[in-house]
Amino acid sequence: MDKPLKIIVPREAARLWSPEKYLIQTKADGVFQTRQIDAGGTKATIAGEFITAKSGGFLTPRHAEMLKRNPGGCFIAWDVLAAGDCDMSQKPARARWGTLCGLLRWLPDGWGLIEHNLTPDQAFALGAEGVVAKGWNDPYTAPMLCCKQLTTYRCRVVSTGATQSVGIADAETGADRGHVTLRGGKCDRVRV
């Protein structure tokens, strides 16, 4: 199952989100994945993001600490799609979140739960990439509201490859800033 559509909103609009109306979660800066776990004989399908040290520049202290303990990467769970024979994707977010929290003791090493119920300002102060809001009564497939932290870096290209992306690093500090996709033959025009 694909992840739901995200509707990007400005920070001023996100400041109006209320925990009474929305499940508010930090945005993990990683790659979307679904994984299965065995919760005491019951299979559950969890949605989340796999993060590594190269995922990007946005890691909350808890995610950074998880990566220290698991340098190969961590899976950050933020929703449950199925539990046993029950398709949770059409259940309201309140039921899915309750089910996910009930599965915490079954999460393997290197897995964690996403930070939640922080205001956008609190999440950004922690270093999160952004925040996502899901209506408590909405199914998994409903669009989510998303507010991302915007940061501008002066970067230089440090690597090119056979793909449509180039590796970049901070021009002043040399810190790895990940990869940028350059489509339409633009990657061929970039030099290290």
Side-chain angles (χ1 to χ4, degrees), residues 1-9 11 14 17 22-39 43-83 88-89 91 93 96-120 122-135 138-151 153 163 165 167-168 175-181:
M1 174 175 290
D2 293 332
K3 55 186 171 177
L5 173 72
K6 289 183 186 163
I7 299 170
I8 307 289
V9 300
R11 199 163 176 170
W17 295 346
Y22 297 104
L23 169 59
I24 303 169
Q25 300 172 317
T26 59
K27 166 81 176 72
D29 196 7
V31 177
F32 170 76
Q33 292 182 349
T34 58
R35 294 187 174 186
Q36 285 199 332
I37 62 167
D38 183 338
K43 298 276 187 222
T45 304
I46 309 291
E49 293 190 52
F50 184 70
I51 62 169
T52 66
K54 290 194 171 197
S55 290
F58 299 105
L59 291 175
T60 65
R62 190 169 67 167
H63 295 168
E65 184 59 37
M66 284 179 67
L67 281 174
K68 282 182 189 174
R69 292 190 313 268
N70 302 281
C74 301
F75 181 71
I76 308 298
W78 43 259
D79 215 324
V80 61
L81 304 179
M88 297 293 294
S89 67
K91 303 277 185 197
R96 296 191 323 273
W97 184 251
T99 300
L100 181 60
C101 289
L103 295 170
L104 286 180
R105 67 185 181 128
W106 303 103
L107 296 184
D109 191 40
W111 288 39
L113 184 66
I114 196 76
E115 282 119 345
H116 55 285
N117 288 339
L118 298 172
T119 67
Q122 290 169 326
F124 294 150
L126 279 178
E129 178 191 9
V131 287
V132 174
K134 305 170 188 177
D138 289 346
Y140 177 79
T141 53
M144 298 184 288
L145 299 175
C146 180
C147 179
K148 288 194 170 195
Q149 181 160 222
L150 299 177
T151 304
Y153 296 105
T163 64
S165 69
I168 58 173
D176 182 14
R177 295 291 178 207
H179 286 80
V180 175
T181 301

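Residue indices begin at 1 and follow the sequence shown. The figures that follow rest on heavy atoms only: side chains count, while hydrogens, waters and symmetry mates do not. For clarity, every value in this text was computed on a predicted model and none was experimentally measured.
Side-chain contact between K6 and K27 is present, with at least one heavy-atom pair separated by less than 4.5 Å. In this structure, the side chains of L81 and M88 stay at 4.5 Å or more apart for every pair of heavy atoms. When side chains are defined from C-beta on, I76 counts as touching M66, because their heavy atoms get closer than 4.5 Å. With contacts defined as side-chain heavy-atom distances shorter than 4.5 Å, the pair L118/V131 does not qualify.
In this structure, CZ in R177 is found 8.5 Å from CD1 in I168, a value given to the nearest 0.5 Å. Considering CH2 of W111 and CZ of R35, their distance stands at 6.0 Å, rounded to 0.5 Å. Summarising the geometry, atom OG1 belonging to T141 is positioned 11.0 Å from atom CE belonging to M144; distances are rounded to the nearest 0.5 Å. The distance from atom NZ of K68 to atom SG of C74, rounded to the nearest 0.5 Å, is 12.5 Å. A distance of 7.0 Å separates CZ in R62 from OG1 in T26, rounded to the nearest 0.5 Å.
Every side-chain contact (heavy atoms from CB on, under 4.5 Å) that L113 has, sequence neighbours left out, goes to W97, L100, C101, L104, H116.
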*Decide side-chain contact (heavy atoms from CB on, under 4.5 Å) for E115 and I24; before the verdict, give the C-alpha distance in whole Å, the side-chain angles of both, and the deciding distance to 0.1 Å.*
CA-CA 9 Å; E115 282 119 345; I24 303 169; over 6 Å; no

*Go through the steps to decide whether Q36 and I46 satisfy the test side-chain contact (heavy atoms from CB on, under 4.5 Å), and finish with yes or no.*
CA-CA 6 Å; Q36 285 199 332; I46 309 291; over 6 Å; no

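L145 and Y22 make their closest contact through CD1-OH, 3.6 Å (heavy atoms, listed as atom of the first residue, atom of the second, distance). Between I114 and Q25, the shortest heavy-atom distance links the atoms CG2-NE2, 3.5 Å. Pairing each heavy atom of I37 with each of P108, the nearest pair is CG2-CD, 4.0 Å. When every heavy atom of G72 is checked against every heavy atom of T52, the shortest pair comes out as O-CG2, 4.0 Å. Among all heavy-atom pairs drawn from A14 and C147, the shortest one is CB-CB, 3.7 Å. In this structure, D109 and N70 approach most closely via the heavy-atom pair OD2-OD1, 3.7 Å.
Between Y140 and W78, the ring planes lie parallel to each other; the angle is under 30°, not in the 30° to 60° tilted range.
With hydrogens and angles ignored, the 3.5 Å screen pairs no side-chain donor or acceptor of D138 with any backbone N or O of K134.
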